[in-house]
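Here the structure is laid out as structure tokens; the discussion comes afterwards.
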Amino acid sequence: MQPEELLAYIKNILLVLAKQNNIDLKNNKKLAVEKPKLEIYGDWSTNVALIYAKQFNVSAKNLADIFVKKMLDNEKIEKIDVAGPGFLNIILKRQARSSVVENILREKQNFGKSQFLKNENINLEFVSANPTGPIHIGGTRWAAVGDSLGNLLLSQGAKVIKEYYFNDHGAQIDNFVNSIIAKYYGTALQEDGYDGEYIKDLADKLMPELENRSKNEIYEQLKTKAVKLMFSQIKQSLQTFGTNFDIFFHENSLYKTGQVVKAVNELTARGFVYQKDSALWLKTSEFGDDKDRVLQKSTGEWTYFAADVAYYKNKRDRGFKTCVYMLGIDHHGYIKRLQAVAQAYGDTKENIKFLIGQFVNIIKDKKIIKLSKRAGNIITLDDLIKVVGVDAARYSLIRSSVNTPIDLDLDLITLHTNENPVYYVQYAYARCCNVMKNAYMLDKALSEKVLTKKADLSVLQKTVEKDLLTTLALYPAMLEASARSYEIHKVARYLEDLARKYHTFYSSLRILPNTKSEIQVEHIARLALNNATAQILKNALSLLGVSAPERM
RNA sequence: GCGCCCGUGGCUCAAUGGAUAGAGCGUUUGACUACGGAUCAAAAGGUUGGGGGUUCGAAUCCCUUCGGGCGCGCCA
């Protein structure tokens, strides 16, 4: 019996009790079935009595006792204790506890998938770095987190599009091109120009064949070629990193197709646009922004914000119910104004969602390195992959909440790559695979017994076995919670927990017998548990875009 | 000045308002002539920045204060 089944059962009892007592039950989201911290508390615990005691107008302990009486009828439950202020600690019957292994082995890669987000149509926009330089470490965090989050939401039934907004319109492109020219001729860089090795590379690569052309021609040719080259480099880096976008959306297309004008016109019709100082403004302050924002400058040029407005409208017109923006902490000021845009179009705050990622600090010689494109000391995605590899890089960036700044110590990560927890998890998987292989070599029939579900799993009674079983049973609920809160790091943390439980199990018990003649029911059951663990490790790693090697 | 985010063992990070705040690294001590030692077992290490409040119960919510980061353009 898995926790979600138990939870449904408890809710059912709750409804019956409420009806009997004529209580108009208020739904409480805090109701939960959890794995207790300590093993002696049982397999699962619930807080149902604690949070509903008030509504029933009895003490939590009394309500708990009522639940105990009802629940003991359930044939899957062995025992229930009331503990502490009113927790129900539930111990399952043997078969009920081990049934999760059968479920996993039956559903394989589909175990953990759900449809609870089936009505969601989500646009995930992330990275969206300007094509004026390689992807830096901040963008890298989103490349890992956004991609994995997309996988997760997809697995829970949502329709998901991963999208990259390509800023190919505006002054930064001019700066970029001028920087390359300046670099080539050794002239002074403009004030906010770009510098760095990659600018020199671009100059060396593109300039020689253009040298004899007119100034204007050099500029135009360079603009096309440099942006194209940079963009294909970015795409290549992302691909190497295992991040594949469904759509690369060009900012320029919003202008070419007149969508900016159209989007602003609609807002004008809705009465949220006004003219002041010969510029066009949007009344974002009406929806909680600090001040109104300019859409069109007095020069007649559109602002970057105007494109953002059109882009949001475009996303909604394409049918996305939820538009997710993943931004760096330095862009948190956008939240209010974009929320205002959504509301100005008559949408709600539900339609627009923000994930704000803290900085990734690069530590060298115990000090934070200040990175900037201008100074040319950026650490790129390619650098990171070269130093630590895709798996370790992705995992390091995923395993922390985006709300937490990450300090990546280059010295440490280079010297002790094996200490990245990703290897701990991968090693657990490799161990599982090795056991499977050995089992097959030992006795083909043994593997087949597991495969054909002839294993008696109820013999899994040791503490380390039960611990592993409940952790496996938690997998679907963990995925759902992770998807609900858009917190992919929960999946990584779960993996570490699962790997730990497996390593403990592995080293305290024999899974396979020494010789063929000694094969017993325990061995068959443990092999099934081993195989189920392998399946979950693989499923979860694949969500994170991290490989599951059969040997290391 | 105003606003947003973050303060958790020496370090890097966890913890839907739940039970004794958990892992990894580092430190110390143990464990293979049996499934791979990239592992396991164990020890030391905490007033969750400080102070109030809310309640059965707070690292978590509210107020306040102190640190750190970031943002406050007719830039993109």
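Note that this is a predicted model, so its numbers are computed, not measured. The sequence lines fix the lettering, A, B, ..., with proteins before strands; numbering per chain opens at 1.
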Heavy atoms under 4.0 Å, any strand shown: does [X] hit a base, just sugar-phosphate, or nothing?
X	value
A:N434	base
A:A60	nothing
A:Q172	sugar-phosphate
A:D277	base
A:N514	base

Assign the ring pair A:F248 / A:F231 to parallel, tilted or perpendicular, where the plane angle (0 to 90°) is split at 30° and 60°.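 It falls in the perpendicular class, over 60°.
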Practice problem: Could you label the plane-to-plane angle of the A:F505 and A:Y502 rings as parallel, tilted or perpendicular, counting under 30° as parallel and over 60° as perpendicular? | Solution: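 Aromatic pair A:F505/A:Y502 classed tilted.
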_Would you say the ring centers of A:F272 and A:F287 fall short of 6.0 Å from each other?_
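When the ring centroids of A:F272 and A:F287 are compared, they turn out to be within the sub-6.0 Å range.
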Q. Are A:Y427 and A:H503 close enough that their ring centres sit under 6.0 Å apart?
A.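 Yes; A:H503 has its ring centre under 6.0 Å from that of A:Y427.
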Provide the Watson-Crick or G-U wobble partner of [N], both distances under 3.5 Å; none if there is no partner.
N	value
B:G71	B:C2
B:C61	B:G53
B:G10	B:C25

Can you tell me, in whole Å, how much space there is between the [atom1] of [N] and that of [M]?
N	M	atom1	value
B:G10	B:G18	C1'	30 Å
B:U12	B:U55	C1'	34 Å
B:G67	B:U48	C1'	16 Å
B:A42	B:C25	P	15 Å
B:G3	B:G45	C1'	39 Å
B:C62	B:G26	C1'	39 Å

A correct 5'-to-3' footprint of nucleotides 15-22 of chain B, with B, S and - meaning base, sugar-phosphate only and no protein heavy atom under 4.0 Å, is SBBBBB--
Any donor-acceptor pair, under 3.5 Å, between the side chain of A:H332 and the base of B:G3, if you only look at N and O atoms?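 When only heavy-atom distances are counted, A:H332 does reach the base of B:G3 through a donor-acceptor pair under 3.5 Å.
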Check: Going by modelled atom types, is there a donor-acceptor pair between the base of B:C74 and the side chain of A:S298 at under 3.5 Å?
Finding: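 Yes.
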Is [Y] close to [X] at the side-chain level, that is, under 4.5 Å between some pair of heavy atoms?
X	Y	answer
A:L254	A:Y165	yes
A:L495	A:P421	no
A:P85	A:L50	yes

Ignoring backbone atoms, establish whether [X] has a side-chain N or O less than 4.0 Å from OP1 or OP2 of [N].
X	N	value
A:K54	B:C56	yes
A:R551	B:A38	no
A:Y423	B:A38	no
A:Y395	B:U12	no

Output all residues satisfying side chain to side chain contact (heavy atoms under 4.5 Å, CB included) with A:S285, sequence neighbours left out; order by chain, then residue number.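 For A:S285, the residues satisfying side chain to side chain contact (heavy atoms under 4.5 Å, CB included) (neighbours in sequence not counted) are A:D292.
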Answer yes or no: is there an ion pair linking [X] with [Y], defined by an N-O contact shorter than 4.0 Å?
X	Y	value
A:K437	A:E550	no
A:D467	A:K35	yes
A:K501	A:D497	yes

* Find which nucleotide of RNA chain B each of A:I511 and A:H169 is nearest to by heavy atoms, and output the residue with the more 5' nucleotide. =>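 In this pair, the answer is A:I511.
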Worksheet item: For residues 502-509 of chain A, which residues have at least one heavy atom under 4.0 Å from RNA chain B?
Response: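 Result for residues 502-509 of chain A: A:H503, A:T504, A:Y506, A:S507, A:L509, sorted by number.
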